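Everything below concerns the one structure shown next.
Atoms within each ligand, like the ligands themselves, are counted from 1 in listed order. Quick caveat: nothing in here was measured; it's all calculated off a predicted structure.
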Amino acid sequence: MTRIASDTMREQLKVYFIMGSVNCAKPPAEVLAEAIAGGITLFQFREKGSGALVGEQKYELAKQLQHICREHGIPFIVNDDVELALALDADGVHIGQEDEDARIVRAKIGDKILGVSAHNLEEARAAMDAGADYIGVGPIYPTKSKEDAKKAQGPEIIRLLRRHGIAIPLVAIGGVTADNAGEVIAAGADGVSVISAIASASSPETAARQLVRAVQSSKKGA
Ligand code: 3NM
């Protein structure tokens, strides 16, 4: 295996859906299948927050969702849990600043995809140096989906990172919807990453499709 090419990563980041059982009103497998039908390009299993599954139940849900992703050729990323990612032979791992050091995670996962959350220039540079394949930058807009989310920074943070030479694949996160996705792409993000815009929608398929359209039309206008 070799590291993912940066252009491939950018394509996969376009509409990046993140979800765990606590985010879903319907069974997670149904939500994921609908989101895939709507055109998501990447999936992250994030089993976090109060009421999140642990142990065997977490493992079984991850396995079920990974199976759905595999059937449809959607890469499957695991949030935080490097051991789970390795046990499942997932496509990658996403870590935050409070998680294990990015260099250590890179050493453990070899060429699998490594995503790192960054909230400022210093963290973005450190993530690049540690071998991240992409960075997640947020929160762009206010979010209710992360208990310890920082203050919303607006699309300006993406412009700032790009202006300062952060050229690696970058996905915007936090409060992103089909209505504001265009402006984060215009600011320089390769894609948008969402939980509630898809997981809480009455039709995850329609919600995903609207995000895909918003991202595509903003890229065309670029
Ligand atoms: N990380 P929603 S914000 C998982 O700022 C996550 O790093 C964030 O959920 C960060 O799309 C966030 O529902 C939650 O706002 C995103």
Side-chain angles (χ1 to χ4, degrees), residues 13-26 28 31-32 34-35 38 40-52 65 76-81 92-100 102 105 113-124 126-128 132-158 160-161 166 168-185 187 189-204 206-212 214-215:
L13 289 175
K14 275 185 185 163
V15 179
Y16 184 3
F17 179 40
I18 301 177
M19 180 198 86
S21 61
V22 299
N23 307 119
C24 300
K26 293 193 262 193
V31 174
L32 177 58
E34 287 190 39
I40 62 157
T41 50
L42 189 61
F43 176 69
Q44 182 189 123
F45 177 62
R46 182 177 183 273
E47 192 61 23
K48 260 193 175 172
S50 59
L65 300 180
F76 178 87
I77 309 289
V78 173
N79 183 280
D80 267 19
D81 193 338
V93 174
H94 184 96
I95 54 169
Q97 292 293 322
E98 60 289 337
D99 301 323
E100 203 171 1
V105 176
I113 295 170
L114 175 61
V116 178
S117 295
H119 308 93
N120 53 48
L121 185 58
E122 199 190 341
E123 290 176 359
M128 271 174 68
D133 292 302
Y134 74 88
I135 53 171
V137 178
I140 306 299
Y141 305 103
T143 177
K144 293 198 179 84
S145 307
K146 185 170 159 74
E147 282 160 10
D148 55 348
K150 296 186 176 0
K151 193 169 162 283
Q153 308 200 63
E156 187 48 35
I157 180 67
I158 297 161
L160 181 142
L161 296 180
I166 304 296
I168 67 166
L170 182 162
V171 69
I173 186 161
V176 177
T177 65
D179 289 337
N180 59 28
E183 59 197 41
V184 299
I185 299 297
D190 295 296
V192 294
S193 186
V194 307
I195 297 179
S196 54
I198 294 178
S200 308
S202 53
S203 168
T206 306
R209 192 164 290 128
Q210 285 168 344
L211 280 159
V212 170
V215 169

Handout entry: Those residues that, when tested against Ser193, pass side chain to side chain donor-acceptor pair (under 3.5 Å) (two or more places apart)
Key = none
Fill in the blank from the handout: Counting only non-hydrogen atoms and a 4.0 Å cut-off, the residues near ligand 1 are Arg46, His119, Gly138, Pro139, Thr143, Ser145, Lys146, Ile173, Gly174, Gly175, Val194, Ile195, Ser196
Problem - Exercise: do Gln97 and Ser117 side chains pair donor with acceptor under 3.5 Å - result: no
Handout entry: For Ser203, all residues meeting side chain to side chain donor-acceptor pair (under 3.5 Å), sequence neighbours excluded
Key = Thr206
Practice task
Would you check if there is a donor-acceptor pair between the side chains of Gln153 and Tyr141 at a distance under 3.5 Å?
Solution key: no
Completion exercise
Glu147 meets the side chain to side chain contact (heavy atoms under 4.5 Å, CB included) criterion, sequence neighbours left out, with Ser50
Completion exercise
For Val31 and Ala199, the nearest pair of non-hydrogen atoms, with its separation, is CG1-CA, 4.1 Å
